[in-house]
Amino acid sequence: MSESRLRVSEVEGVTQVEFIDRNILDEANIQAISDEISTLIEGADTPRLLINFANVDHLSSAALGALITINNKTREKGGSLRLANIDPQIYEVFVITRLNKLFNIHDTLEDAFGEFKSAKS
Amino acid sequence: MSEDRTHIPDPNVVELPHDRDRISAIIDTIIDQASEAGMQDAAAFAIRLALEEAITNAFVHGHKELEADVPVRIEYRVGRGELDVAIEDQGPGFVPEALPDPTLDENLSKPSGRGVMLMKAYMSDVAYNARGNRVVLRYRAN
């Protein structure tokens with residue numbers, strides 16, 4: 001089995017995922033990341049997933065595609081996906097593609113956790 | 001600018017195999033040369049994104065039916081505040097105008113189809129040849 005490209009932790013009932021790579025560009029890596037997160041979604045009854053982009057400098061449209069697939073799978077299971085800590089240059093990519101309308105994007109992890117908490121009650 | 005938007009005069013030429021390290025290396029080389037010619041960091045982000053999209057399209061879509069060792073041709077020319085890069089695959093080509101608009105509400109949840117629009121958003125000019133197997137990306141610093 002290949003080495004994980006992610007750091008995964010469980011915090012307050014939320015699965016937090018952080019990328020090890022600064023560049024999410026390589027098709028093979030993107031597929032591996034997508035498969036790994038899909039396994040996390042499949043293993044949860046109601047997935048609550050937070051993807052932390054703190055380390056990410058570059059991503060490609062293939063990475064956006066993987067995020068969309070992850071979002072679709074999460075919603076199919078009645079769960080929720082939130083993205084946080086996105087670099088301004090990368091956030092611009094979300095705006096250009098209008099994917100800022102599709103994803104729940106938060107400035108900070110604290111904001112994202114706050115939304116998970118209020119959605120729970 | 002030449003009337004033929006898909007022509008680059010006197011370019012550097014690289015035959016690029018489908019190898020991640022070689023792809024990263026040529027993109028780094030082009031960005032380094034562009035930076036030395038006065039391009040800013042924001043330009044480097046834009047150029048890296050557009051080159052990644054174009055090279056990925058060339059191998060993943062253009063060379064879908066070809067052997068893995070068939071190379072993609074890269075031509076590039078760096079000037080003061082100017083960069084031209086051609087990415088030419090050996091596939092059958094495609095019709096870029098036929099691509100659906102990925103920003104429409106009905107297409108937002110589709111995982112593919114954003115590469116060409118990102119190239120157009122970040123570059124000063126994007127031109128395909130008639131066959132659709134060669135794209136020229138132009139960046140002009142303002």
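Per chain, numbering begins at 1; letters A, B, ... match sequence-line order. Because only heavy atoms are used, hydrogens play no part in the values below, and waters and symmetry mates are left out as well, while side chains stay in.
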Mind checking the [atom1]-[atom2] spacing from [X] to [Y]? Nearest 0.5 Å is all I need.
| X | Y | atom1 | atom2 | answer |
| --- | --- | --- | --- | --- |
| A/Ile68 | B/Ser112 | CD1 | OG | 8.5 Å |
| B/Leu108 | A/Thr97 | CG | OG1 | 8.0 Å |
| A/Leu99 | B/Thr103 | CG | OG1 | 9.5 Å |
| B/Arg48 | A/Asp57 | CZ | CG | 9.0 Å |
| A/Ile24 | B/Glu52 | CD1 | CD | 11.5 Å |

Quick check on [X]: does its [atom1] atom have over 12 non-hydrogen neighbours (other residues, nucleotides or ligands) under 6.0 Å away?
| X | atom1 | result |
| --- | --- | --- |
| B/Glu65 | CD | no |
| A/Asp111 | CG | yes |
| B/Arg20 | CZ | yes |
| B/Glu67 | CD | no |
| A/Lys101 | NZ | no |
| B/Asp10 | CG | no |

Check your understanding: Could you give all pairs that pass the ring pair (Phe, Tyr, Trp, His ring centres under 6.0 Å) test and reach residues 32-84 of chain A, with sequence neighbours left out?
Key -> A/Phe19-A/Phe53, A/His58-B/Phe45
Are [Y] and [X] co-members of a hydrophobic cluster defined by side-chain heavy atoms under 4.5 Å apart?
| X | Y | result |
| --- | --- | --- |
| A/Leu81 | A/Leu6 | yes |
| A/Val56 | A/Ile86 | yes |
| A/Leu25 | B/Met119 | no |
| B/Val13 | B/Ile26 | no |
| A/Leu67 | B/Val60 | no |

Exercise for review: Show the numbers, then the answer: is there a side-chain hydrogen bond (donor to acceptor under 3.5 Å, both in side chains) between B/Glu53 and A/Ser61?
Suggested key: CA-CA 7 Å; B/Glu53 298 297 339; A/Ser61 67; 2.5 Å; yes
Exercise for review: Measure distances from A/Ile90 to the heavy atoms of chain B and classify the residue's part below 4.5 Å as side chain, backbone, both or neither.
Suggested key: both
Check your understanding: Contact part of A/Glu27 toward chain B, heavy-atom cut-off under 4.5 Å: side chain, backbone, both or neither?
Key -> side chain
Does any heavy atom of chain A fall under 4.5 Å from the side chain of [X], the backbone, both, or neither of them?
| X | value |
| --- | --- |
| B/Phe59 | neither |
| B/Leu51 | neither |
| B/Ala42 | both |

Check your understanding: Heavy atoms under 4.5 Å from chain A: which residues of residues 30-41 of chain B carry them?
Key -> B/Asp41
Check your understanding: Quick check: does any side chain N or O of A/Asn72 sit under 3.5 Å from a backbone N or O of B/Ser109, one acting as donor and the other as acceptor?
Key -> yes
Revision key, fill the gap. All heavy atoms of B/Leu118 vs all of A/Ile96, minimum pair found to be CD2-CG2, 4.1 Å
Exercise for review: Run the salt-bridge test on B/Asp105 and A/Arg98 with the 4.0 Å N-O cut-off and return the result as yes or no.
Suggested key: yes
